[in-house]
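Scroll down for the structure; my scribbles are underneath it.
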Amino acid sequence: MAAKPSGLPVEAPESRNRHGESRPSHTGPAIVARVVSEPSEFSAICSAAESGSMEEALRLFESVRNPGSFLWNAMIRGYAGCGRYEDAIGFYWKMQVLGVRADRFTYTFVIKSCSASLLTEEGLKCHGALVKVGLHSDVFISNSLIVMYSEFGEIDSAERVFNEMPLRDLVSWNSMVRTYVSSGKRGKALSCLRSMRNTSSLEPDRIGIITALKACSTETYPKQGKEIHCYALRHGYGSDSRVCTSLIDMYCKSGNMISAERLFQCRFSRSVVTWNALIYGYTSNNHPSESLGCIIRMQYDDVKPDAVTMVSLLPSCSQLSNLSQGKSIHGAALRRGFLPHLVLETSLVDMYAKCGDLTSAERVFSQMTERNLVSWNTMINAHIHNDQNLEAVELFLDLQEKSLQPDIYTISSIANPCLCCKIWYSSNTFILNSIIYLYAKCGDLRTSRRIFEGMLCRDTVSWNAMIMACAIHGEGSSATELFSRMQRDGPQPNGSTFVSILSACSISGLADEGWMYFNLMQQKYGLSPQIEHYGCMVDLIGRTGDLDFALSFVERIPLVPTARIWGSLLAASRKSKRIDVAEAAAEKIFPLKHDNTGCYIILHNLYTDLGRWDDAEKVRSSMQNHGLLRTTARSVVELDNKAYCFINGDKSHAEASLTHEVSDLLSKKIGEAGEVPSAAFNVQEALAQKKNSPCQHSVRLAVCFGLISSSPGTPVLVKKNVRICDDCHLAIKQISEVCRRHITVGDSRIYHHFKEGSCSCGDYW
DNA sequence: GTAGGGTTAG
């Protein structure tokens, strides 16, 4: 228990009332003091808090001498209940300071406040406190934690809580399924549901059904959706309004409007939400007339539309270019008092813009009392839709001044190549420069080049960006050609230009050229090399394999070497298997403030390569002791504007078994050594080994999925968050040959272009 | 007195 600040009442040896409240013992003068929480006072505080009259509740609460956990909880719950989450958390802290013991109820209210207000740090602190007091395995608390981590987007943490629960109930499973759905892992959600039915005696209840339906509300799982429908009927939920609404929504989102409409006609009580689900279904499946037809149908059903109805109807007006219908919905929304309403106003902006009435769109936008990123993006798009590209860019620049961070939607509309074509005749060099690099970073060097070549006015940054773009794609010679062009008819190179060109030389292994530029920058341009330039040189020398020279070069750098410098040396020593240099470099890196995960991994792998298992194990445990987790490797392949993300051994995708089969098949075809002879002691270990076998690596799965999901001969682009391993690099080279495909893999540093059995990086990365 | 649930915008 925390020490009590002085001056606060100290509890006397206690007796407990029926609420578990402590009372001072009634001896001596204490008898005249207020007795703690009389039942009437008690219920007054509770009902004030419950109804959200927090000022009243607080006034009553403060008059109580020794409020116990129950009353504190009532206050916290009250604040959380009316959305005053920070006050709720503040109350919890106050409770801690005063030494009042927080119990399981306190924590559920506090966790809910943290998740609702996305106060991640508070949430983590709270979880820490729970572990300390040993309440973390309480089923209610664990369930709240799962939801909290889900809200934070920390799926791994939610999973960890779930896996560590000694006992799970329906709520736990539903929460986990929901977590997977909201993070886009529908396959995992469904397999979670299956394992609930296989490993426990639990059966989904109505909430479970609704949650499960969310998992198959997409075109990918029509069969599972129908199965849940049958299950719901068998278990007597056929006339449950909410279950039916979810079913209708599921059919709509699976694109099956016939089943949705058939179910809609069944006997159950249709609420406005049911109508909205159907209306939105028609809208999103491109049946605008049916959608708008519901306005009349609803009247016969005696259901009044609400703001969501309007939001669901408006896209149909745009689809039909029916401005007057849109205007009449706007009028109805005003008459019914639905405005202001963030989502509805955003939909109105979109509708007006798509119906060609940009003036009305701008009027609605300018009158909005609240705007978020979606509304800004809608307005930016509104201009683009109406061929006002410069206005869109201006709005984009306005957005930069707000505290809102542009997201992929913002960038994709503003970086539209068509927009680029139009604006590069004006003087938006600033924007085009970032777009050049953006495209290259996304793997599309061709578009970067097109934009660069189309620019009328190129400044130093444009050249630097284009040279760096070539560098990360391993096009060293294009980079040096650009540099010559720049010297001939471009602006004067600066320090950053040399970072770009030196990177290009080191990535493409142009050692002599690299040294030439390193001298040139000093002798011709009078630039003294900065730490970044030295970093490029260490990479360049490291690549030649002369580690002794690299080490002496680092030691002679006239500036303080950073973790990046030592990191380059460490990476280079792995390639040459120079453990002495690696150890020396690691020794320098670890004391520096730096994310050392990668360094541990390199050192660990180097020891493994050399068969020094004990040392490898020491590195692994030291990494663990520093609380560092190996970054989960993820690879993403984009198909038809949709990103498919894989982790090692990933089986959560729709085409998982086919992908794995193709990966195994290709592995055999290229003559890859089979699985490591199994030294596994049990099934789990054997499975873990299989998962770690290179042909199950995330990048391999993403490449195979890309190959089977696209037409023969077309290129495949995969991006991954960590560097590609030797095995996969070799394998993908060969796969590019046997499949006759150009395969591009962008890792955390550079792009590898695999073509006809070789890679643009020259096998050094 | 605690945890999970139906529709909506770019």
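Keep in mind it's a predicted model, so treat the numbers as computed, not measured. So you know, we letter chains A, B, ... as the sequences are listed, proteins then strands, and number each from 1.
- Side-chain contact between A:I76 and A:M95 is present, with heavy atoms from C-beta onward closer than 4.5 Å.
- Note on A:T378: only backbone sugar-phosphate atoms sit closer than 4.0 angstrom, heavy atoms only; bases stay farther off.
- The side chain of A:V374 has B:dA9 as its nearest neighbour among B:dG1, B:dT8, B:dA9.
- For the side chain to side chain donor-acceptor pair (under 3.5 Å) criterion with A:Y352, the lone passing option out of A:H330, A:R363, A:E362 is A:H330.
- Residue A:K253 places none of its side-chain N or O atoms closer than 4.0 Å to OP1 or OP2 of B:dG6.
- Residue-level contact check: A:V147 touches the backbone only, with heavy atoms under 4.0 Å from sugar-phosphate atoms and none from bases.
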Q: Start with the C-alpha gap between A:S291 and A:T283, add the side-chain angles, then the distance that decides, and say whether side chain to side chain donor-acceptor pair (under 3.5 Å) holds.
A: CA-CA 6 Å; A:S291 169; A:T283 298; 2.9 Å; yes
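- Side chain of A:V171, nearest nucleotide from B:dG1, B:dG4, B:dG6: B:dG4.
- B:dT2 has its base stacked against the ring of A:F140, the centroids being under 5.5 angstrom apart at an interplanar angle below 30°.
- Inter-residue side-chain proximity for A:Y149 and A:L124 is flagged as met; some heavy-atom pair is nearer than 4.5 Å.
- Using a 4.0 Å heavy-atom cutoff across all strands shown, A:S172 reaches no nucleic acid atom at all.
- Computed from coordinates, the A:N276 CG to B:dT8 P distance equals 9 Å when rounded to whole Å.
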Q. Can you check side chain to side chain donor-acceptor pair (under 3.5 Å) on A:E122 and A:Y85, steps first, answer last?
A. CA-CA 11 Å; A:E122 289 297 330; A:Y85 304 114; over 6 Å; no
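- Using the six-membered ring where Trp is involved, A:W72 and A:F61 have ring planes that are perpendicular, over 60° apart on the 30 and 60° scheme.
- Both tests do not hold together for A:R186 against A:Y180: distance to the six-membered ring centre under 6.0 Å, angle to the ring axis within 45°.
- A 4.5 Å side-chain heavy-atom check between A:N372 and A:S375 finds at least one atom pair inside the cut-off.
- For B:dA3, its base never sits under 3.5 Å from the side chain of A:N174 at any donor and acceptor pair.
- Spacing between atom CG of A:N73 and atom C1' of B:dT2 amounts to 9 Å, rounded to whole angstrom units.
- Among B:dT2, B:dA9, B:dG6, the nucleotide with an atom closest to any side-chain atom of A:F105 is B:dT2.
- The base of B:dG4 does not come close enough to the side chain of A:S175 for any donor and acceptor atom to sit less than 3.5 Å apart.
- Note on A:T274: a base of the nucleic acid sits closer than 4.0 angstrom, heavy atoms only.
- Taking the ring centre of A:F91 as origin, the terminal cationic atom of A:K94 falls inside the region bounded by 6.0 Å and 45° from the ring axis.
- Taking every heavy atom of residues 177-205 of chain A and every atom of DNA chain B, pairs under 4.0 Å involve A:R178, A:D205, by number.
- Proximity note for A:I207 (side chain, C-beta onward) versus B:dT7, B:dT8, B:dG4: the nearest is B:dG4.
- One can place CG of A:L348 at 14 Å from P of B:dA9, the figure rounded to the nearest angstrom.
- Taking only side-chain atoms of A:R242, from C-beta outward, the nucleotide of B:dG1, B:dG6, B:dA9 with the closest atom is B:dG6.
- In this structure, CD of A:E50 is placed 13 Å from C1' of B:dT2, rounded to the nearest angstrom.
- Near DNA chain B, meaning a heavy atom under 4.0 Å away, the residues from residues 289-320 of chain A are A:V308, A:V311.
- If you check distances only, the side chain of A:T346 does reach the base of B:dA9 with a donor-acceptor pair under 3.5 Å.
- Classification of the A:F162-A:W173 ring pair by plane angle, with boundaries at 30° and 60°, yields perpendicular.
- Base engagement by A:N372 is indicated by at least one non-hydrogen atom pair under 4.0 Å involving a base atom.
- Here the P atom of nucleotide B:dT2 and the CG atom of A:L130 are 18 Å apart, to the nearest Å.
- Between A:K112 and B:dT2, a side-chain N or O to OP1/OP2 separation shorter than 4.0 Å is absent.
- A salt bridge between A:E151 and A:R178 is absent, with no side-chain N of the basic residue lying under 4.0 Å from a carboxylate O of the acidic one.
- At whole-Å resolution of the value, CG in A:L213 and P in B:dG6 are 11 Å apart.
- Summarising the geometry, the separation between CG on A:L278 and P on B:dG6 is reported as 18 Å, rounded to the nearest angstrom.
- Considering only side-chain N and O atoms, A:Y280 lies under 4.0 angstrom from the phosphate OP1 or OP2 of B:dA9.
- Whole-Å rounding puts the A:I141 CD1 to B:dT2 P distance at 14 Å.
- Across all strands, A:T245 comes closer than 4.0 Å to base atoms (heavy-atom distances).
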